[in-house]
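Because the structure is predicted, anything quoted here is derived from the model rather than measured.
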Amino acid sequence: MKALFGKSARRRKGRRGKGVLAVIGGLLIASAVARVAVQATEALALEEPAPAPDTAPAETAASGLPGCAAEEDIAPILAALQAREERVAKREADIQTRMQALAVAEAEIERKMTAMEEAEQKLRATLAMAETAAEDDVARLTQVYATMKPKQAAALFEEMDPEFAAGFLGRMRPNAAAAIMAGLSPQKAYTISVMLAGRNARAPKE
């Protein structure tokens, strides 16, 4: 009986030892699994992806970095550009006004030049008519003096300026002029003769 009890006790001790070993092994396995899980979590945390690119500008602008200009920094530049544009527009308007004034002045000058040319042509025509009329009058008056009696004509020529008298006598026929010269005083006749000779001397010769 003792032998049987002894074998049963040894069998129970062996079973208890195996159970303790199984529990210890399970604890070791659980601890290892927990340790691996913690390490994996830490690795995933370290490898967390960076923020999306579309959020970077907003964060940069919010942080006040110099990469993006603020609205109050752009305002002076815009004001300067607008002022320059206004100056350029004013200058172009002034140039346009001057061009219009020059065009008006040129048109007025052209009109006055045309009027002056027309007036000059009219004046030339008037002078030509006056010269023709004067020539006709002188020729007619010369004919009158030539047909007068020599004594009467001589009395008129005696009172005339010698140069004026020489002009009429030079237009007359030689016989009529000689008859009038015969009725003049010697001094008057000499003066008129000198003037007539001087005119003939200045006349072109063949």
task: Give a yes or no on whether E110 atom CD has more than 12 heavy-atom contacts from other residues, nucleotides or ligands under 6.0 Å away.
output: no
task: Report yes or no: do F164 and L184 belong to one cluster of Ile/Leu/Val/Met/Phe/Trp/Tyr joined by side chain heavy-atom distances under 4.5 Å?
output: yes
message: If I take atom CD1 from residue I109 and atom CG from residue L102, how far apart are they, to the nearest 0.5 angstrom?
response: 9.0 Å
field: side-chain contact (heavy atoms from CB on, under 4.5 Å) between R124 and E120, worked out
entry: CA-CA 6 Å; R124 288 179 179 178; E120 185 177 358; 2.8 Å; yes
task: May I ask whether V194 and F157 are part of the same hydrophobic cluster, defined by side-chain heavy atoms of I, L, V, M, F, W, Y residues being less than 4.5 angstrom apart, directly or through others?
output: no
query: Could you state the interatomic distance from CD1 (I192) to CE (M195), rounded to the nearest 0.5 Å?
result: 8.0 Å
task: Enter the distance from E92:CD to Q96:CD here, rounded to the nearest 0.5 Å.
output: 9.5 Å
query: So, E158 side chain and K188 main chain: donor-acceptor pair closer than 3.5 Å or not?
result: no
Same apolar cluster: F168 and Y190, side chain cutoff 4.5 Å: no
- request: Search all heavy atoms of A177 against all heavy atoms of L169 and return the closest pair with its distance.
  value: CB-O, 3.8 Å
field: P162 to T191 - nearest heavy-atom pair and separation
entry: CB-CG2, 3.6 Å
field: Pairing of D136 and R140 as salt bridge, 4.0 angstrom limit
entry: no
- line: Test side-chain contact (heavy atoms from CB on, under 4.5 Å), reference I180, set K151, M148, M172, output is M172
- prompt: Can a salt bridge be assigned to the pair K122 and E118 using a cut-off of 4.0 Å between side-chain N and carboxylate O?
  reply: no
